[in-house]
Each structure stands twice: as structure tokens, then as C-alpha cells.
Amino acid sequence: MAAAHGTALHTGQAPEPAEPIPARTAPLALIRRDLLRLIRNPGRTSVHFAIPLVLAAVMVLVFGGSGPPQITIRLLVWNEDQGVIGRFLAGAGTQSGAGDRLDLVQVGPEGLQMMDEGDPASALIHLPATFSEDFLAGRPVTIELIKSPSQRFLPQLVQEGVSVGAEVLDQISRSFRTELSSLGSMLDRDALPAQVEVAVMAGNVVGSLHEIQRFVLPPIVGLETVTTGEEAPTTEASADDATTTDSQGSAMAEILGYFLPGLAMLAALFLAQSVTRDMMADREAGLLRHLLTAPVTAGQYLLGKTMSVILISALGFGLMIVLGMLAGVSWGPPLAVALLTLASAAAIAGLLVLLMSLATTQRQGDAMSTVVIIMASMLGGAFIPLTQIPGFLRPVSAASPVFWCVDGFNELMLRGGDLGGILLHISVLSAAGAMMLGLGTWRLGRSLRGGA
Amino acid sequence: MITVRRLRKSFGSLVAVDGISFETRPGEIFGLLGPNGAGKTTTISMICGVLQPDEGQVLVNGHDIWREPRAVKQVLGVVPQEIAVYEDLTARDNLSFWGSLYGLRGSRLRTRINEALERVGLAERAGDRVKTFSGGMKRRLNLCMGLLHQPKVLLLDEPTVGIDPQARLAILEIVKELAASGTTVLYTTHYMDEAEQLCDRLAIIDHGSVLTTGSIEELTAFAGEGEVLRLRGRFAGDRAAVQERLTGLPGLRLLSLEDDAAVMAVEPDGPGLLAVLPEVLSSGLPLEDVSIQQPSLQSVFIRLTGRELRD
């Protein structure tokens, strides 16, 4: 002990007169303290980032780190039609490209039994015996699709593909009615058609195609190519360009880009949870009571804590953005990303402050907020893509701030949207954040005034 | 410096503080002495503005804590009973945060921190996390935080609970020096010896009320105490008979009786200790030990409350 020889705090003189303390002092001191505690506890802080990063790593491992996901769909084809259209459709799936992803198995009526007995096929497609004849004659035709009940997503994918195919056939039937009728009558004959007849039909097809191509073939996919040293990006590119730029790195970035927004939100949520948890810990350990003996009001305390949570959430989010950028992920226009990040941070702060205001102990607050974080993340698309969420849950998803954050980033990253495209997301997140913050701080303030 | 008027606070049907009034003088150490649950911490909480009283008024330097909280809090230092420090931060971090709440910045803050750490003997551990500190060191840091802004009035709520005698002595020394330099100290404790050693004046409180106020000399004189006889024995068998025999002893007044102990006051106007002691020893009571105590706060407390104040 240095009691006997230490420097006296008061040396007999009267203490210095008190100076007025600005109102911003306490909130700023509280923010500084929270940031300092994050820095002084690197282990605890890194765990909050580790959880989503581990999840991301698991996803990359599951999908494979050497390229985009390779999924093969086994499909049974029961083709009773021996006409040209049926043969064409049945064989289309074996062509280059589709052949890599489809495992087509030609079957007869026994295909139905195979499906019943648990064949791993995702679906069975049935083309009836008169399919080609009816199609060429302009009569309604039906393609039957029997989906496997034991699978969830792949049969859905097949259904989507077959619906697109049916739509294309329908359009062909409407647009090339005359030519199809001619083709039908040519095929009905035993003899080969005359060259003139074929040439006329081909000319008609080309003419019709020329007419309709501006309606049915607008440019849908463009590729933006930037070469180092060039100032302006070019917007036209061939399929070859796309093929040559598709590397392992971009595939990895594509996968990360799909999951990172959700994982960034998750990291920010866990990080913010650690700060709001301290509010309850402060209270239980008597630290809050001690704080309120200093020139700090309950309002200043709550303001400081709220600002801390927003700032730390935004920092957590920002760090994940930087990590994503280092891995080659493109997040979108910087201003839109910044605003969406801030709005997400506000929503996170609101959610956690509100939850903490509902809890009576730190333990209760922890349990409650962890459950809500996990549920909101699952429903909001942090763990699985939003498109994979079952339809009946989608209205519930919209109640999760994670949904608005993830969907906003999807708009920027996957759908090429800009600030205008995410204004709704920013507004919803900000409004929800403000509302929850208001309610949470009101409840906490009322409780503090009743005694810390 | 501190004026407390008819302070009252209830929690549901429990009356924690029941009309407490006292006044401290500049530069004195005023003690609030009472057992656990007497209402000391509730009183301190109302004085420092953390808990709003149901009735009554608290003035610090003439300012009402509930009407002018900022004016009061700037001159008030509080050392709570709990060790209110952040264990994951260093001692310097804790002090830096606390000082900044009082508007201290830059070199002024650093100087104050260094002085305060030096004063409580923690300068060499300034950069260590508090979680590595012993209980006594944490208590000293707790005290340090209350002193950093050089308060004119210091409230200490049982600051020596649970620490070793050496650390306790050091804290008492610091408190004495602070009072000597002009700081008014309000000190709550349930340790009789601490109150006797430290306080210029004190109020004995129990069940939320002030039983008496004054210096130790005034209190013992007021209570009219002489020596106290402390008897140890096996009184559980027939307490009624033991009580009858004890109250029948001349020149003694029974203060308290328990299964294994009795406390008796020697009447100041009686025959005196030497005359009554043989009577006690030959009374036939199942005695195991007899000791004599000079008038003290303990005897005053027993006289006022009818029971001993145990640590």
C-alpha cells in the first residue's frame, strides 16, 4: 500500500470549483467505453464474427470451393409419342449444357411404378402418343409431370423448366401455325417433300422470325467487361467473353455474394447483442446505479448505449463488407451500400434494445435475444436463400429486419439495382428501427426512473 | 454540507427508511452505523439521487438533489458497496472513463489518474485488467473512482466489506486524510470499531430510523453507560428462570439474553463493578465465561436496540 507515502489527492486546499459539463459528454464517454471494451476483449469480439464466418465456410465446403454448385437432376421420360416433336423434346435434355445437369432416363409405363417405389428421380415427364400429331395440327396437347414427393426443391425446379418449355411450344404453335401445318402434312407423306416446298417453308419461318424477334428476343443478358487501363466499361460481349472470365475466384465470390449479406447481418446482430447485454449486466452488477451517481441522466445513458449499438452494428457490418470485398464480392453502389448498412444497423439496435427492455434479467435477455436473432435470421434469409423459403412462410419473412437487409443487398448485388431500387428497404429498416428504439428506450427509461 | 430532512422510502409494505434526519458539518466524517438491513444503503441511494424518496428532502451544499441534480452530482463522490468497476478494462481505462463523465480531459485527466492511482497504491498495476486484481485492490480502485474528480462531499457505503485488515486500514487512512483536507465524508458501516476509529460524529440507525446522533463521547454519556458484563453460558434450558435470576442481581441491568450469552450493564449509580461481580459468580447460573467491557458503541447500541450488532 502506498497510503503512507503516496501523493495526496487533496493537499489541504479547497477542491477546485466545479465546471459545467456539456450534455454530450456522458453519451460520448459511454460510446468510447463500449468501443474500448470491444477492443480489450478481442476473443469475445471475434467470436461474434466467427459464428457467421464459420457458417459461410461450411456453405462453401458443402457447395464445393472449386466452382459453382454442380447439381444433377435425374429425370424419367416416358415418351409414347414417336413423332418428330416428341423425339426432339425427349432428346433435348441430352444436348451439351443440359446434358451436364440432367440425367435423362427413357422409361415406359413402368416409370410410374419406379416413382412409387422411391426411384431417386426428381420427376417423370409423360408425352402422350398423339403429342406430335396434335401439336402440328394445332390441337391442344398436354405434357404430364409427376413430381417426386420425397424431394423438395429439385421437382420444383423441373416444374419451372417444363413450364417454360410448354410456354415456348405454345408460342411456337401460335406464331408458326401455317408452317407447322405444312410440316405436319410433309411428315404424313411417304415421299420426301419437294425442295421448293421446303425452301418456301424455310423462307416463311425466317420471315416470321424476323417479324417477331423484336418482341420475343430482346437483349436480356449483358456482360460488363472492364479491362485494367480502360476508362469506360463496354456493355456488349459474347458468350465467349463470359466463359473466359468465369474463374474459380469469381465462382467463390458468387457463392459468398449470395450468402454474405445475411451473414453480415448475423454478425452485426451478435455483436450488437453483446453491447445490449451489457445494459443488463451494468444493472445487475450495480454499475448502472454507480453511473447514475455521476452527472449522467437515465436519458443520456440510454442515448449513449443506443448510439453505441448502432455504431458497433455498423462497424460489424462494415467489416464483413470489407472481408467480402477482399474475397472479390461486389456489393453494389457505395452510397446505396452505406445507407442500407446504416438502416440495417438502426433496425438491429431497435430490435435488441426493445428485447432488452422486455427482459428482467441478463439471462432472460440473452435467451430471448438469441432465439429472436436465430429465428429472424432463418426467416429473413441469412441461412438459406430467400427463394428457398416455403411460400407460406414468406409473409412472415417480411416481418424480419434480416429479410429487408438481405433482399436489399440481393437487389444491389444480384439484380444490379441501385439506390432507387432499395429505397423501400432503407425506409422499412429505418422506420422499424426508430419505432423499436422508441418503444425500447421508453420502457427502459421508465424502469430506470423507478430505480436503477 | 449534507442536510437530510425526514427522509422516507417504502418498498411495498416494507418501510426501508422511516423519517431519517441528520446534518453533517464541513470536513467531518459522519457515520451511519447500523446492522445490515437497517436502511443505510437506501439512505445513501436517496442522498446521491439514484432513488427517489417518498417524502423528505436532501440538500448537498444547499442544493436539492432532485431539483438541481447536476449541481449536486458535480461536487459529490460516491463509493458504492458493490465493486462497480469494469473487470475487462484496465484500472487506467476505468478511471479514464469515470473521469470523462465529470468533464475531465487530456493532461488534467491523466494527472488526476496518476495521482489517484499513486495514492491508493495501484500505480504499478495501472495497465492491468481489473479481473486480475485481488478483492482489496478492487476496493481501492472503487474508492479511487469516487475521488477522481475531487468531490467536496464523499459518500462511502461500507467500503471495507470483505477485504483483508491491511487493505481496510489503508482505506481508513485515506478517508481520514480526505477529511483532513476539507472533504465532508458520510460513511456507512456496520463495523463498530471502524465507526469508533473513524467517525467524528455518527447516527445509529435501525429499522429505518435514527435512534440517536452525536459523537462517541456524547452517545455513551447520553446512554448513561458504565461498564458492561458479558456472560457466556448454557442458558437455553430454562431461559425464564435465568432471566429471573439475572434481573434479580443488584446493581446490574439486563440488556440482552440469548441461549448462550447475556449482556448486563453496571448501573452507574449502583454499588459498582467490584461489588456486583462476586454476586454474579456465586449466582449458581451455568456460566462458562465472564468478561468486562468499557463503555463503547456496542453497549450504546445494545442499550438502544436491545441486541448486539454483529459483523
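Every value quoted in this text rests on a predicted model; they were computed, and no experiment measured them.
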[X] side, atom [atom1]; [Y] side, atom [atom2] - distance, nearest 0.5 Å:
X: B:Asp93; Y: A:Arg32; atom1: CG; atom2: CZ; answer: 7.5 Å
X: A:His290; Y: B:Leu101; atom1: NE2; atom2: CG; answer: 9.5 Å
X: A:Asp282; Y: B:Tyr86; atom1: CG; atom2: OH; answer: 4.0 Å
X: B:Tyr102; Y: A:Thr25; atom1: OH; atom2: OG1; answer: 13.0 Å
X: B:Ile47; Y: A:Thr293; atom1: CD1; atom2: OG1; answer: 12.5 Å

Answer with side chain, backbone, both or neither: which region of A:Leu28 has an atom nearer than 4.5 Å to a non-hydrogen atom of chain B?
->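 Contact with chain B: none, neither part.
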Heavy-atom contact with chain B under 4.5 Å, split by part of A:Asp278 =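 Contact with chain B is absent: no heavy atom of A:Asp278 under 4.5 Å.
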Shortest non-hydrogen contact between B:Lys73 and A:Ala294, atoms and distance =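 Scanning both residues completely, I find the closest heavy atoms to be CD-O, 3.1 Å.
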Which pair of non-hydrogen atoms, one from B:Arg70 and one from A:Pro295, has the smallest distance, and what is that distance?
->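 Answer, listing the atom of B:Arg70 first, then A:Pro295: NH1-O, 3.9 Å.
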Any chance CE of A:Met375 has more than 12 other-residue heavy atoms, nucleotides or ligands included, within less than 6.0 Å?
->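 Open: at most 12 neighbouring heavy atoms sit under 6.0 Å from CE of A:Met375.
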So which part of B:Arg105 gets closer than 4.5 Å to some heavy atom of chain A, the side chain, the backbone, both or neither?
->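 For B:Arg105, no heavy atom lies under 4.5 Å from chain A.
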What part of B:Val85 is in contact with chain A, defined as an atom under 4.5 angstrom from a non-hydrogen atom: side chain, backbone, both or neither?
->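 Backbone of B:Val85 only, per the 4.5 Å heavy-atom cut-off to chain A.
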Candidate list A:Asn41, A:Ile39, A:Leu36, test side-chain contact (heavy atoms from CB on, under 4.5 Å), partner B:Leu89, passing option |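 For B:Leu89, the side-chain contact (heavy atoms from CB on, under 4.5 Å) check succeeds only for A:Leu36.
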Are B:Asp88 and A:Arg37 close enough for a salt bridge, meaning some N to O gap below 4.0 Å?
->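 A salt bridge is present here (some side-chain N lies under 4.0 Å from a carboxylate O).
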Name the option with the most non-hydrogen atom pairs under 4.5 Å to chain B; the candidates are A:Ala29, A:Ala26, A:Gly286.
->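 Ranked by heavy-atom pairs under 4.5 Å with chain B, first place is A:Ala29.
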